[in-house]
Amino acid sequence: LWFAAVVLITQLVALLFSIASSSLPGCLSALALGFVPSIPQYFDETFILHDALPYLPTTYLYVARAAGWPKYLIDLDVFPVPDASWELGMVVLICCSAALAAATSCLLMAREHAAKRQGRRGTHARI
C-alpha cells in the first residue's frame with residue numbers, strides 16, 4: 001500500500017511538472033496532499049465526504065489510519081474508515097495513478113503535436 005501511495009504522488013508530481021514545466025508546483029502539491037489525511041476532521045463522521053472516504057486516494061496516504069491497526073489481543077483489525085481495506089486501497093491508488101499517467105501522456109502528446117504543427121507552419125512561411 002505504501003508503494004502504491006508513492007506511485008500516486010509521483011504521478012501527480014509528473015503531471016504538474018508537465019503542465020507547469022517546473023518542479024515547484026508538483027512538490028508543493030505533494031506536500032499538501034500528504035497533509036490532508038492528518039487533518040483531524042478528515043476521518044470524523046461529520047466530514048462532508050465521510051461516505052466517500054474508502055474511494056478517495058488521500059484516505060490511503062495515512063495507511064494505518066485508513067486500513068486499521070492490528071489488535072493483538074482480539075486478533076482483529078480496527079478500521080476507522082468503514083469499508084476501507086488494503087485491497088480497496090490498492091485498487092483506488094492504482095486506478096488514480098493510472099488516470100494521472102494517462103492524463104500526463106495525453107498532455108505531452110498534445111504538446112508534441114502542437115509543436116510539430118507550429119514547426120510545419122514555420123517552414124512554409126514566405127518572407
Side-chain angles (χ1 to χ4, degrees):
L1 199 56
W2 284 108
F3 180 73
V6 168
V7 170
L8 174 76
I9 291 173
T10 304
Q11 290 298 330
L12 176 70
V13 170
L15 176 64
L16 292 176
F17 179 76
S18 64
I19 291 171
S21 299
S22 173
S23 60
L24 185 62
C27 292
L28 291 177
S29 64
L31 282 172
L33 191 66
F35 284 114
V36 168
S38 66
I39 298 170
Q41 293 81 14
Y42 186 77
F43 291 100
D44 195 18
E45 290 182 13
T46 60
F47 181 56
I48 192 167
L49 297 174
H50 182 70
D51 294 335
L53 280 181
Y55 309 106
L56 296 177
T58 51
T59 301
Y60 298 99
L61 296 180
Y62 188 8
V63 176
R65 187 82 188 256
W69 295 278
K71 297 274 287 190
Y72 298 106
L73 298 175
I74 306 173
D75 201 26
L76 295 173
D77 284 338
V78 176
F79 296 106
V81 177
D83 301 327
S85 66
W86 289 87
E87 296 84 12
L88 181 61
M90 289 295 289
V91 169
V92 167
L93 290 173
I94 289 171
C95 288
C96 289
S97 296
L100 287 172
T104 304
S105 297
C106 289
L107 178 67
L108 293 176
M109 286 190 299
R111 280 192 178 173
E112 183 178 334
H113 182 69
K116 285 182 181 178
R117 289 179 94 199
Q118 189 70 19
R120 277 191 237 142
R121 284 187 199 151
T123 58
H124 299 297
R126 293 186 180 177
I127 300 176

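These numbers come from the heavy atoms of this one structure, side chains and all, not from hydrogens, waters or symmetry mates.
If you chain together hydrophobic residues whose side chains sit under 4.5 Å apart, I94 and L8 fall into the same group. L31 and L24 are not part of a single hydrophobic cluster, where members link through side-chain heavy atoms under 4.5 Å apart. If you chain together hydrophobic residues whose side chains sit under 4.5 Å apart, L28 and V13 never meet in one group. Using a 4.5 Å cut-off between side-chain heavy atoms of Ile, Leu, Val, Met, Phe, Trp and Tyr, with links allowed through other members, L61 and V7 fall into different hydrophobic clusters.
Closest approach of A30 and I9 over heavy atoms only: CB-CG2, 3.6 Å. Heavy-atom minimum distance, S97 versus A4: OG-O, 4.1 Å.
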Legend entry - side-chain contact (heavy atoms from CB on, under 4.5 Å) between T46 and Q41, worked out: CA-CA 8 Å; T46 60; Q41 293 81 14; 5.8 Å; no
Legend entry - Stepwise side-chain contact (heavy atoms from CB on, under 4.5 Å) test for F17 and T104: CA-CA 9 Å; F17 179 76; T104 304; over 6 Å; no
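Using a 4.5 Å heavy-atom cutoff, the side chains of V91 and C95 are in contact. Between L56 and Y42 there is a side-chain heavy-atom pair separated by less than 4.5 Å. The shortest distance between side-chain heavy atoms of L93 and F3 does not fall below 4.5 Å.
No more than 12 heavy-atom neighbours from other residues, nucleotides or ligands sit within 6.0 angstrom of CD1 on I48. The neighbour count for F47 CZ, taken as heavy atoms of other residues, nucleotides or ligands under 6.0 Å away, is above 12.
Taking CG from L12 and CG from L100, the interatomic distance works out to 6.0 Å, rounded to the nearest 0.5 Å. Between the CG atom of L108 and the NE2 atom of H113 there is a distance of 14.5 Å, given to the nearest 0.5 Å. To the nearest 0.5 angstrom, L15 atom CG is 6.5 Å from L107 atom CG. Here the CG-CD1 distance, from D44 to I39, works out to 12.5 Å after rounding to the nearest 0.5 Å.
Looking only at distances, a side-chain donor or acceptor of R111 sits under 3.5 Å from a matching main-chain atom of S18. In this structure, the side chain of T59 engages the main chain of L53 through a donor-acceptor pair within 3.5 Å. Side chain of Y60 to main chain of P54: a donor-acceptor pair is present (N/O by atom type, distance under 3.5 Å, no hydrogens or angles).
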